[in-house]
Amino acid sequence: MIIILKANPDPAQLEALIAWLKAKNLEIHASEGESHKILGLVGDTSAMDVDLIAALDIVESVRRVQEPYKKANRKFQPNDTVIKVANTQVGGGNLTIMAGPCSVESEEQILEVARAVKKSGATMLRGGAFKPRTSPYSFQGKGVEGLRLLSLAKKDTGLPIVTELMEIHQLEYFEDVDVIQVGARNMQNFNLLKEVGKQNKPVLLKRGMSATIEELLMSAEYIMSEGNEQVILCERGIRTFETATRNTLDLSAIPVLKKLTHLPIIIDPSHATGKAELVPPMAIAAAAAGADGLLIEVHNDPQHALCDGSQSLRPDVFDDLAKKLFKVHEVISKF
Ligand code: PEP
Ligand code: MN
């Protein structure tokens, strides 16, 4: 349920209303709309008398929220969430570019890629240390050593780090990590979601490969309901009958999510397409459709990459793409 207050509500009456709602065991999520303050109520509101609240002097209107996600709902918070990561911001009209290899492989590799993507204008360095691989015989990532190498690259370039957390206990190694990634395969690992919800760090939540948009938002709600409201959503392609691409990039998720939620939306055209040649056109399309950013795999030697080489861009190709993305974003921002 949301309560839209009249402009400049009487402070004493507002305080009394909030106290009354809290006494009913409701959590109150207050935010500023364009001209009115909004109180979003989280909890069981089924027995609340809408007409009674709507009749109060300070109340403009009351609406029930049908969607099962509340804190992530744009009705609760009309303004876009802007998430601060080191000295950059995600959302609010900024174009975030997270770039780097699928997995951290060596000091030379991560430093070379980090320096290159930084030069091209990337705002964050991505790289997997703990890798969720389909086959147990594939390279599983360098683990804690990978995190150490990411920290080295962060120190060298100043780029904040985004990397995947696969298990709760790995959090003890994540002190220097700026954004915790929850991968597609863990989108509904509810214990993991609750745990990252207790952290004071932004979370990049990737859409599960067969998850609906509502399920993605419910997973964001899990994180937010624990207190961490710094959630960045990521569309990375979904499973369809199509086999020409690794997954099918759901670009319509951008305008759909923009309507339903205030959280920023990042597009990952690398895992969505699985093919390097398809990454630039789809990245550009995502920027044109209003994405808040891109997540792009870049490798200094894709042919010999230990993971996802076929979808990784060479640094020179990434450089060219980044230039185009900033141009598209500039045009879109003027619409
Ligand atoms: C990744 O970004 O490294 C990754 C494994 O992606 P996803 O979880 O989307 O498959
Ligand atoms: Mn990958």
Side-chain angles (χ1 to χ4, degrees), residues 95-103 126-128 131-139 141 162 164 166 181-189 204-220 232-261 263-299 302-303 305-314 317-318 320-322 324-325 328-329 332:
L95 186 71
T96 296
I97 303 188
M98 304 169 170
C102 180
S103 347
R126 68 142 283 142
K131 294 300 304 174
R133 301 305 302 276
T134 302
S135 166
Y137 308 117
S138 303
F139 174 60
V162 50
E164 180 162 353
M166 282 178 61
Q181 177 173 326
V182 173
R185 290 155 190 81
N186 273 316
M187 190 204 83
Q188 286 188 319
N189 180 338
L204 178 74
L205 176 65
K206 299 192 85 174
R207 180 179 181 181
M209 46 191 96
S210 57
T212 64
I213 283 179
E214 184 163 298
E215 285 164 344
L216 171 65
L217 289 172
M218 287 311 290
S219 291
I232 304 164
L233 304 172
C234 179
E235 153 62 28
R236 44 76 73 206
I238 50 175
R239 275 269 166 92
T240 68
F241 51 80
E242 184 54 72
T243 54
T245 46
R246 184 175 179 184
N247 292 287
T248 297
L249 180 57
D250 179 11
L251 277 183
S252 58
I254 302 167
V256 171
L257 284 167
K258 283 281 165 205
K259 189 169 173 199
L260 299 177
T261 183
L263 298 172
I265 300 132
I266 299 288
I267 294 293
D268 169 358
S270 305
H271 292 91
T273 63
K275 292 180 181 164
E277 80 216 61
L278 301 181
V279 170
M282 297 321 287
I284 289 166
D292 294 295
L294 283 310
L295 184 151
I296 296 173
E297 286 191 341
V298 179
H299 200 286
Q303 271 191 322
L306 296 181
C307 182
D308 287 350
S310 57
Q311 67 193 34
S312 300
L313 301 188
R314 288 195 324 269
V317 178
F318 173 72
D320 181 63
L321 171 60
K324 290 176 179 155
L325 288 174
V328 170
H329 185 249
I332 289 300

Problem - Contacts of Leu260 that satisfy side-chain contact (heavy atoms from CB on, under 4.5 Å) - sequence neighbours left out - result: Tyr69, Ile213, Leu217, Val256
Practice task
Establish, from distance only, whether the side-chain atoms of His299 and Asp308 form a donor-acceptor pair under 3.5 Å.
Solution key: no
Problem - Closest heavy-atom pair and its distance - Leu95, Ala291 - result: CD1-O, 4.1 Å
Practice task
For Leu205 and Ala220, work out which heavy atoms get closest and say how close.
Solution key: CD2-N, 3.4 Å
Practice task
Give the minimum heavy-atom separation between Ala285 and Leu251, together with the two atoms involved.
Solution key: CB-CD1, 3.6 Å
Handout entry: Pairs where residues 263-275 contributes a residue and the test salt bridge (charged side-chain N to carboxylate O under 4.0 Å, His left out) is met, not counting sequence neighbours
Key = Lys206-Asp268
Problem - Cys234 SG to Leu263 CG distance, which is reported to the nearest 0.5 Å - result: 13.0 Å
Fill in the blank from the handout: Taken in chain and number order and not counting sequence neighbours, the residues that satisfy side-chain contact (heavy atoms from CB on, under 4.5 Å) with Thr212 are Glu214, Glu215
Practice task
Could you tell me which non-hydrogen atom of Arg133 sits nearest to which non-hydrogen atom of Leu306, and how far apart they are?
Solution key: NH1-O, 3.7 Å
Exercise for the section: Taking the side chain as every heavy atom from C-beta outward, state whether Ile284 and Leu325 have any atom pair closer than 4.5 Å. Expected result: yes
Fill in the blank from the handout: Only residue of Asp250, Leu233, Ile254 satisfying side-chain contact (heavy atoms from CB on, under 4.5 Å) with Ile267 is Ile254
Fill in the blank from the handout: In short, side chain to side chain donor-acceptor pair (under 3.5 Å) pairs touching residues 276-296 with sequence neighbours left out are Lys258-Asp292
Problem - Non-hydrogen side-chain atoms of Leu249 and Glu235 separated by less than 4.5 Å - result: yes
Handout entry: Value rounded to 0.5 Å, distance of NZ in Lys131 from SG in Cys102
Key = 3.5 Å
Handout entry: Flag if over 12 foreign heavy atoms under 6.0 Å of CD, Gln303
Key = no
Problem - Nearest atoms (heavy-atom pairs only) where Met187 meets Gly208 - result: SD-N, 3.2 Å
Practice task
Using a 4.5 Å cut-off on heavy atoms from C-beta on, say whether the side chain of Ile296 contacts that of Arg126.
Solution key: no
Problem - Contacts of Arg185 that satisfy side-chain contact (heavy atoms from CB on, under 4.5 Å) - sequence neighbours left out - result: Pro132, Thr134, Met209, Arg236, Arg246
Completion exercise
Taken in chain and number order and not counting sequence neighbours, the residues that satisfy side-chain contact (heavy atoms from CB on, under 4.5 Å) with Ala276 are Leu313
Fill in the blank from the handout: One should read off an interatomic distance between Ile266 CD1 and Ile97 CD1, to the nearest 0.5 angstrom, of 9.5 Å
Handout entry: Under 3.5 Å donor-acceptor, Ser312 side chain and Pro302 backbone
Key = no
Handout entry: Expected output: side-chain Ser270 to main-chain Glu297 donor-acceptor under 3.5 Å
Key = yes
Handout entry: Residue pair Leu294 / Pro269: nearest heavy atoms and the distance that separates them
Key = CD1-CD, 4.2 Å
